[in-house]
Trainee: 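Take a look at the following structure, please.
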Amino acid sequence: RVLDQMQTGYASASSDITFLNTLTRLRTGLAETPDYLNLYLTTEDKSARDAYAIGSRNIDADIIELKSLAKDSLTVNYLDQARALFVAWQEFVVQPRVRLLEETLPADSVRSLTASIREAELEGRYLFTLRAVLNTLVQRQLSSQSVLIESARTLGAGLGQFIILVNVLFALFAVALGFFLTRSITRPLNQLRDGTRDIMQSKYVPLDIQRSDEFGELAEDFNTMSTMLRENYTRIRSYSDLMTALNENETLNDVLSKTLDLLCQQVQAVNGAFYLHDRETNRLNLRGSYALRADKTAITSFAVGEGIPGECVRLRIPLEVNDLPQLVLYPVDTGLNTVTPRSAYAVPVMFQDNLVGVLVLGSTKPFDGFTKELIASAAPQVGVAITNALNFEATQALTLELTSKHAELNAKNAELERAYQVKSDFLSNMSHELRTPLNSIIGFTSILLSDRGDPMTADQRKAMEKVLKNGKHLLQLINDILDFSKIESGRMHVSVETDSVESVVNGAILTAEHLVRQKGLELKVEMLGELPMLQTDTLKIKQ
């Protein structure tokens, strides 16, 4: 019955690890998807837009999968809240930003929509709140791991009570059989009792009972159970400590430093190094280390296929090398002397089938199977954490660049506004300077052509009429320029009056008729009868 409960506990732990892995994948998607959106908004790269769409669908699918794995209604409520936040972010932030990019909107609409996006981001804080909700789920899940560990201890305590009961029964049996049998029975029972107490204190020490009877079989089963408990306790504790450390750090240096510290301590490695893969140069560069000497004896860069790290990357499988020669490649200073690792174990770190880097650990003894299993289970989480750290740093850099571009754009807008103001002032002053002499010319010409003017010949009158006509035409052009300036400044005055369509059309034709004739063209006008009267600014209709 106790073993059945232990098996149930192991199955629950496996389900929790699946939930944590899916939750980690969801958090990674939330770190990458906004980056794809920003890339598309900055460069209009269609592949970035497609990557954002795929990432959005994956986020929604991960939330649905997590809800199917949830064990309580509170977790489901957290996931519903997370999905609502993501949908709100897409509706109030993403869609308006895409609309600003893909649609041609008036300046007022752009400013209004930009202000609305900024207000939505400040008030909603959708992604920040969403990440906080997911962090809460991670902490709750890690807490459940502690409950499983405590459950294992409780099972150990129950098994101890069973052993104590067996101890009592065998003690009674020993008294009945005599002193000789008592001596041969109490010793293994005491060992079983001590072993049970050690398990209750999280000490997994194997029993040394070399017998071929039932006590020997019981001791063998006890040692097997103790080994299972030790390995599962170590695995769960190591995974929990690693996840906690990775979630507490955001920068790449902090993630690598904490990861190497924990792994080297957990697997008892004397030193360790992490080589980050550079896609542009296709080289592995040293970015993190544990207990490496600072005198540059360690190689800081490898090509793919070069050395243990490079060969590990080329084959994409873990590599172990034992009986290393006594070289000074990765020496360790103990404070008393210098020790060189005798075994090295290299593991490729991947993220979604993409190479992130390679983890290399050194030890004075060969790595056993359990240690390799611990390293293999930690590698995917390290890949996720490093990718998140790189995305975080890239996001920070992009934010700084966008801030700089925004400031530059504001400066350009200010310059444009000043230029518009200078242009408006110029047009206003120019029109004033031109209108004054033109009005004088038009007035003087009108007086000369009136009955009060001096008599003129036919040629003189024809010339003066041309002067008057051209002066009025030039004055109308100046008025048109002023009207354009007023339209741009938003101060255009509208004078509504009542007039017929025929009158407005004939007035416009009268203005353009001489231009048509100069080009040798013919202008015809056809209008329907009984047209309604116009209630509008007839001068602007003519223009």
Trainee: Might you work through the side chain to side chain contact (heavy atoms under 4.5 Å, CB included) test for T75 and K67, ending with a clear yes or no?
Mentor: CA-CA 8 Å; T75 301; K67 289 179 65 176; over 6 Å; no

Trainee: Any chance you could measure S289, atom OG, to N271, atom CG, to the nearest 0.5 Å?
Mentor: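 Taking OG in S289 and CG in N271, the distance rounds to 9.0 Å.
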
Trainee: Begin from the C-alpha positions of L359 and L263 and carry the test side chain to side chain contact (heavy atoms under 4.5 Å, CB included) through to its verdict.
Mentor: CA-CA 10 Å; L359 178 66; L263 280 179; 3.5 Å; yes

Trainee: Could you walk me through whether T259 and L256 pass the side chain to side chain contact (heavy atoms under 4.5 Å, CB included) test, one step at a time?
Mentor: CA-CA 5 Å; T259 298; L256 291 178; 5.6 Å; no

Trainee: Pair R25, E65 - check salt bridge (charged side-chain N to carboxylate O under 4.0 Å, His left out), show working.
Mentor: CA-CA 11 Å; R25 186 172 66 245; E65 182 179 351; 3.1 Å; yes

Trainee: For the CZ atom of R83 and the CG atom of D60, what is their distance to the nearest 0.5 Å?
Mentor: 4.0 Å

Trainee: Heavy atoms, side chains only, cut-off 4.5 Å: are Y52 and V94 in contact?
Mentor: yes

Trainee: With a 4.5 Å cut-off on side-chain heavy atoms, are D254 and T251 touching?
Mentor: yes

Trainee: Is there a donor in the side chain of Q381 and an acceptor in the side chain of N21, or the other way round, less than 3.5 Å apart?
Mentor: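 N21 and Q381 do have a side-chain donor-acceptor pair below 3.5 Å.
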
Trainee: Working note: R287 + H277, criterion side chain to side chain contact (heavy atoms under 4.5 Å, CB included); need CA distance, chi angles, decisive distance, verdict.
Mentor: CA-CA 10 Å; R287 287 298 304 270; H277 180 240; over 6 Å; no

Trainee: Using the test ring pair (Phe, Tyr, Trp, His ring centres under 6.0 Å), find all partners of Y78 that sit at least two apart in sequence or belong to another chain.
Mentor: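 Here no residue qualifies.
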
Trainee: Quick one: side chain to side chain donor-acceptor pair (under 3.5 Å) pairs with a partner in residues 39-48, sequence neighbours left out?
Mentor: Y40-E102, D45-S47

Trainee: Is there a side-chain contact between L286 and S301 (heavy atoms, below 4.5 Å)?
Mentor: no

Trainee: Kindly list each side-chain donor-acceptor pair under 3.5 angstrom involving residues 306-321, sequence neighbours excluded, with atom names and distances?
Mentor:
{"from": "E306", "atom 1": "OE1", "to": "A303", "atom 2": "N", "distance (Å)": "2.9"}
{"from": "E311", "atom 1": "OE1", "to": "R314", "atom 2": "NE", "distance (Å)": "3.4"}
{"from": "E311", "atom 1": "OE2", "to": "R314", "atom 2": "NE", "distance (Å)": "3.3"}
{"from": "E311", "atom 1": "OE2", "to": "R314", "atom 2": "NH2", "distance (Å)": "2.5"}
{"from": "R316", "atom 1": "NE", "to": "V313", "atom 2": "O", "distance (Å)": "3.1"}
{"from": "E320", "atom 1": "OE1", "to": "K372", "atom 2": "NZ", "distance (Å)": "2.4"}
{"from": "E320", "atom 1": "OE2", "to": "F367", "atom 2": "N", "distance (Å)": "3.4"}

Trainee: Which heavy-atom pair separates V349 from V382 by the least distance, and what is that distance?
Mentor: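 Minimum heavy-atom separation between V349 and V382: CG1-C, 4.2 Å.
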
Trainee: Going by distance alone, is a donor N or O of one side chain under 3.5 Å from an acceptor N or O of the other, for D35 and T395?
Mentor: yes

Trainee: About how many Å separate CD of E408 and CG of N413, when rounded to the nearest 0.5 Å?
Mentor: 11.0 Å

Trainee: Verify side-chain hydrogen bond (donor to acceptor under 3.5 Å, both in side chains) between S343 and N322, making sure each step is shown before the conclusion.
Mentor: CA-CA 4 Å; S343 297; N322 295 317; 2.8 Å; yes

Trainee: Looking at every heavy atom in both P96 and Q90, which two are closest together, and how far apart are they?
Mentor: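 Nearest heavy atoms, P96 then Q90: CD-O, 4.5 Å.
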
